[in-house]
Amino acid sequence: MAEPKGNDLMERIVSLCKRKGFVFQSSEIYGGINGFWDYGPLGAELKRNVKDYWWRSMTQRRDDVAGLDATIIMHPKIWEASGHTTTFADPMVDCLLTQKRFRADQIDPQSGVAYHFTGAGEGAPAPADPSKTCDEPYAVLMLPGKSLQLVRKTAWTFYRQRGLIDPRLLGERTETVENSTRFNPENGSLLTEPRLFNLMFKTYVGPVESAENVAYLRPETAQAIFAQFKNVAEVARQKVPFGICQIGKAFRNEINPRNFTFRSREFEQMELEFFIRPDEVIEALYGSVARPEAGGHPGRPQANWGWQMWHKYWVEERLAFYEAIGLPRASLVEYWQKPEELAHYARATVDILYKFPFSKRNDAGELTGEELEGVAARGDFDLSQHQRFSGKAMTVFDEELKAAWPKLDDAKKAALSGRYLEARRQYLVKMNEPPQSADKLAARDAAGLASGFYVPHVIEPSAGVDRLALALICNAYCEDEAPDEKGKLEKRIVMRFHPRVAPLKVAIFPLLKNRPELVQKALEIRDLLRPLMTVFYDDTGAIGRRYRRQDEAGTPFGVTVDFDTLGEKGDELKNTVTLRERDTMKQSRVRIEELPALLLERIR
RNA sequence: GCGAGCGUAGCUCAGCCUGGUAGAGCAUCACGUUGCCAACGUGAGUGUCGAGGGUUCGAAUCCCUUCGCUCGCUCCA
């Protein structure tokens, strides 16, 4: 089986997506719109299957997770509390010489002498157009160890890029600068004025476009879960540990959408926030905290699990999920973020990567993979932020804790209380709470703990639906060879979707369409199966062609009605059909009345 | 956002350099044929050559602008 490699392969996958109706470019008839994609008939079914399976396995098949479906536009304060309003709006600057882009707040401050120029004119020799000038002011900082000659050379290059053949520098003057971030530390060139990059989509609530009506399309679904935490906790009659999950659209003004649907500006997320007791509480209740020892799945949740155990549990659960919909373990990478890569609120994050055809290769030549999901241990950061910004308590009352606390000896009480207080204090200080008030608030939190109140910690598995759909498409795509009717090998394109996510589950064919008895029987079978699964009926062209068509759509099963079905060879074969399997192309004879149960078994 | 490349039928692509009424293969549809893996016959349809502007008697072809795609940089909290 010859597997095509690299972007060549990706191009063929993209082409198939369009040809068969998995993915279309959004607004294509108007020339498309960058970063937005539509799903055609097959893609829509695929995505629906992915979401349905996630929802079923996350909430319906568990008793400790409840669902939520929140709005896309929420109170703007949510994004202040979450940090998105500030972190999603980075000021950016470009080098005027090399066009290289920097984040303005990450430039090393430079000191020294800056040389300013008011412009340049065309100099000797033999200017093509002597009247040509450039009025654009420019400046270069003389970097340590560099010469004035080099500074002028830099300016010369700059004006040359502006269209002068042999620039003559005009209006040179010097300026002493201290700790300036206006120059490129690499070459001394002046940078552009900082421009704000807001990665959130902005809109207005109400018809008036005024500053107080500004709102944002959510850049992630998670914050709605935190904002509704108290409501859901109450009505779902759940106690920590429990989770709230949600599927929904999110929007990010990506600077540069890339790689087909992988990085889109409008996308869908499947997120779970799983709330757990802080480790101090576990220790108060059980004397110690269970932590992961061996690798692999830690098994059924236990009451004495600390955050590390829960984190490990969800990583393994999520990996099992991907395997259950047909992504082989070997195509996935479990990447533990290094301490320096962690977001400031995260204690640990595991990225689950899929090796896409467009993924980069490492030194060993292996595909490195792209993120499908991040499983983050976020501590109590999010709920704490919303507690501070909204002024509403995000604590839960834990009866067991209240009962257990008085039974602890004083040393234990002091140790747990002290640890909790210090963690709370550190968080508050980091969030720029003045030291005095941080001490006071942390002491109050520690007192709350002793009477059974605390802000739950959270484990967040957050997955991208569109990325997963793309991974499933890439994983399913396969070019192999199959014999034609003369036994000659021909290229066959097969989408080997797991039957669970395959857009169409079964195709029904009358062997010939000009025999009304065959057609009628086939339509009966279609009607028999249609209430149970997605069914595709096709009576055009030769039977082999129809099989191949369904191979490209990824339909796992084909059912063919022939003359034996009608009883031509006697009662033994009457009301039996050919069941053809996509991957093996093997055929078997099956009784019609057994079809529903047989197929349902295989597509669950 | 910057740099490079690309954009012609549903898909893959030729034609562009050197301007002169737009092509191939596959796919699609109809009819006939067809007894299980892309068979065959006959017929049909499809493009404002990504869009806009310019040069020209005449532009898919040359020039400019713009949009989209790919790659690199940047970004990915």
Side-chain angles (χ1 to χ4, degrees), chain A residues 6-8 10-12 14-21 24-36 40 79 82-90 92-103 106 161 192 195 197-200 219-220 252-260 262-263 265 341-346 358 360 370-371 374 376 464 481-494 509-515 518 540-552 558-566 568-569 577-580 582 585-587 589:
Chain A
N7 297 319
D8 206 31
M10 199 57 214
E11 272 167 38
R12 271 176 292 175
V14 171
S15 163
L16 176 116
C17 280
K18 168 137 201 222
R19 185 155 40 86
K20 299 301 286 189
F24 303 124
Q25 195 176 15
S26 169
S27 322
E28 194 189 81
I29 60 167
Y30 290 101
I33 175 165
N34 198 345
F36 296 88
W79 309 114
S82 70
H84 286 84
T85 308
T86 47
T87 60
F88 248 41
D90 298 327
M92 307 292 291
V93 292
D94 296 333
C95 174
L96 283 166
L97 190 70
T98 62
Q99 270 66 250
K100 189 171 170 179
R101 169 157 297 163
F102 300 89
R103 269 177 60 174
Q106 289 179 353
Q161 283 175 0
T192 57
R195 284 171 294 180
F197 273 51
N198 196 331
L199 269 36
M200 285 199 289
E220 64 172 29
R252 293 180 198 184
N253 238 328
E254 296 288 352
I255 291 176
N256 198 350
R258 274 293 156 87
N259 289 329
F260 200 30
F262 184 80
R263 181 167 298 153
R265 291 186 162 129
E341 295 171 326
L342 289 174
H344 62 85
Y345 49 74
F358 50 78
K360 295 197 177 80
E370 311 291 330
E371 184 180 345
E481 292 185 323
D484 68 7
E485 62 167 5
K486 297 181 192 86
K488 207 182 91 188
L489 285 180
E490 286 206 336
K491 194 171 108 170
R492 176 176 87 128
I493 293 177
V494 201
F509 312 115
L511 187 60
L512 300 172
K513 85 163 160 177
N514 57 357
R515 301 289 202 284
L518 291 178
T540 61
I543 188 69
R545 180 198 219 59
R546 284 179 268 165
Y547 286 149
R548 296 299 172 86
R549 251 188 224 140
Q550 292 307 311
D551 288 342
E552 283 199 342
V559 166
T560 304
V561 174
D562 60 16
F563 294 94
D564 297 349
T565 314
L566 303 175
E568 207 168 74
K569 280 196 189 150
V577 290
T578 303
L579 181 66
R580 182 256 192 190
R582 174 196 65 200
M585 297 191 286
K586 294 245 170 65
Q587 302 191 345
R589 205 71 201 176

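Residue numbers start from 1 in every chain, and the chains themselves are labelled A, B, ... in the order their sequence lines are given, proteins ahead of strands.
Nucleotide rU42(B) has rA30(B) as its partner under the Watson-Crick or G-U criteria, with both atom distances under 3.5 Å. Both distances falling under 3.5 Å, in either a Watson-Crick or a G-U wobble arrangement, occur for no nucleotide opposite rU21(B). Under the Watson-Crick or G-U wobble criterion, with both distances below 3.5 Å, rC37(B) has no partner in any strand shown. Base pairing annotation: rU70(B) forms a Watson-Crick or G-U wobble pair with rA4(B), both donor-acceptor distances under 3.5 Å. Using N1 to N3 plus N6-O4 or O6-N4 for Watson-Crick, or N1-O2 and O6-N3 for G-U wobble, each under 3.5 Å, rU56(B) pairs with nothing. The pairing partner recorded for rC49(B) is none, the criterion being a Watson-Crick or G-U wobble arrangement whose two distances lie under 3.5 angstrom.
Rounded to whole angstrom, the span from the CD atom of Q550(A) across to the C1' atom of rA38(B) amounts to 13 Å. Distance, R545(A) CZ to rC36(B) C1': 15 Å, rounded to whole Å. The interatomic distance linking E11(A) (CD) with rC69(B) (C1') rounds to 10 Å, in whole Å. The nearest whole Å value for the distance from the CD atom in Q587(A) to the P atom in rG35(B) is 15 Å. R492(A) places its CZ atom 13 Å from the P atom of rC37(B), with the value rounded to the nearest Å. D562(A) places its CG atom 14 Å from the C1' atom of rU34(B), with the value rounded to the nearest Å. Rounded to a whole Å, the CD atom of E552(A) is 10 Å from the P atom of rA27(B). The distance between atom CE of M10(A) and atom C1' of rC69(B), rounded to the nearest whole Å, is 13 Å.
Nucleic acid contact for I543(A): sugar-phosphate only, since backbone atoms but no base atoms lie under 4.0 Å from a heavy atom of the residue. Within the nucleic acid shown, R580(A) comes within 4.0 Å of at least one base atom, counting heavy atoms only. Nucleic acid contact class of E341(A) (heavy atoms, under 4.0 Å, all strands): none. When heavy atoms are screened at a 4.0 angstrom cut-off, N514(A) is found touching base atoms of the nucleic acid. In this structure, Q25(A) reaches the sugar-phosphate backbone alone: every heavy-atom distance under 4.0 Å involves primed, P, OP1 or OP2 atoms, never a base. As judged by a 4.0 angstrom heavy-atom cut-off over every strand, G374(A) is placed among residues making no nucleic acid contact. Contact annotation for F509(A): no contact, since no heavy-atom pair falls under 4.0 Å across all strands.
Rounding to the nearest 0.5 Å gives a distance of 8.5 Å between CZ of R546(A) and NZ of K513(A). Here the CZ atom belonging to F509(A) is positioned 6.0 Å from the OG1 atom belonging to T560(A), to the nearest 0.5 angstrom.
Only the P atoms considered, rG25(B) is 13 Å distant from rG41(B), to the nearest whole Å. Using atom P as the reference point in both rU48(B) and rC11(B), the two lie 11 Å apart (nearest Å). Here the separation of rC49(B) from rC62(B), taken at their C1' atoms, is 15 Å to the nearest Å. When the C1' atom is compared between rC29(B) and rG20(B), the two are found 35 Å apart, to the nearest whole Å. With both ends at atom C1', the span from rG43(B) to rC36(B) equals 28 Å, rounded to whole Å.
R265(A) is not listed as a side-chain neighbour of L199(A), based on a closest heavy-atom distance of 4.5 Å or more. Counting only heavy atoms from C-beta outward, the side chains of Q587(A) and L579(A) never approach each other to under 4.5 Å. Inter-residue side-chain proximity for R252(A) and E220(A) is flagged as met; some heavy-atom pair is nearer than 4.5 Å. The shortest side-chain heavy-atom distance between F262(A) and F358(A) falls under the 4.5 Å cut-off. Within the 4.5 Å cutoff, the side chain of R492(A) has heavy atoms near those of the M585(A) side chain. Considering only heavy atoms from C-beta on, V14(A) stays 4.5 Å or farther from E11(A) through its side chain.
For rA77(B), the OP1/OP2 oxygens have no side-chain nitrogen or oxygen of R252(A) closer than 4.0 Å. Taking side-chain N and O atoms only, N259(A) has a distance below 4.0 Å to OP1 or OP2 of rC71(B). OP1 or OP2 of rC31(B) sits under 4.0 Å from a side-chain N or O of K513(A).
Between the base of rA38(B) and the side chain of R548(A) there is a donor-acceptor pair shorter than 3.5 Å.
Judged by distance alone, the side chains of R549(A) and T540(A) do bring a donor and an acceptor atom under 3.5 Å apart.
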Could you pull out the protein-nucleic contacts involving nucleotides 7-11 of chain B (nitrogen or oxygen on both sides, under 3.5 Å)?
| unit_1 | atom_1 | unit_2 | atom_2 | d |
| --- | --- | --- | --- | --- |
| rC11(B) | OP1 | K18(A) | NZ | 2.6 |
| rC11(B) | O3' | S15(A) | OG | 3.1 |
| rC11(B) | O2' | S15(A) | OG | 3.2 |

Between the protein and nucleotides 43-50 of chain B, which nitrogen or oxygen pairs are less than 3.5 angstrom apart?
none

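Of the candidate nucleotides rC76(B), rC69(B), rA77(B), rC76(B) has the atom nearest to the side chain of R263(A). Distance from the side chain of N34(A) is smallest to rG68(B) among rC37(B), rG68(B), rU34(B). The side chain of E568(A) approaches rG35(B) more closely than any other nucleotide in the set rG35(B), rU28(B), rC36(B).
For R515(A) (side chain) and D562(A) (main-chain N/O), no donor-acceptor pair under 3.5 Å exists by modelled atom type.
Remark on RNA chain B: of its neighbouring residues I493(A) and G541(A), the 5'-side contact belongs to G541(A), judged by nearest-heavy-atom nucleotide. Take the nearest nucleotide of RNA chain B for A542(A) and for V577(A): the residue whose nucleotide is more 5' is V577(A).
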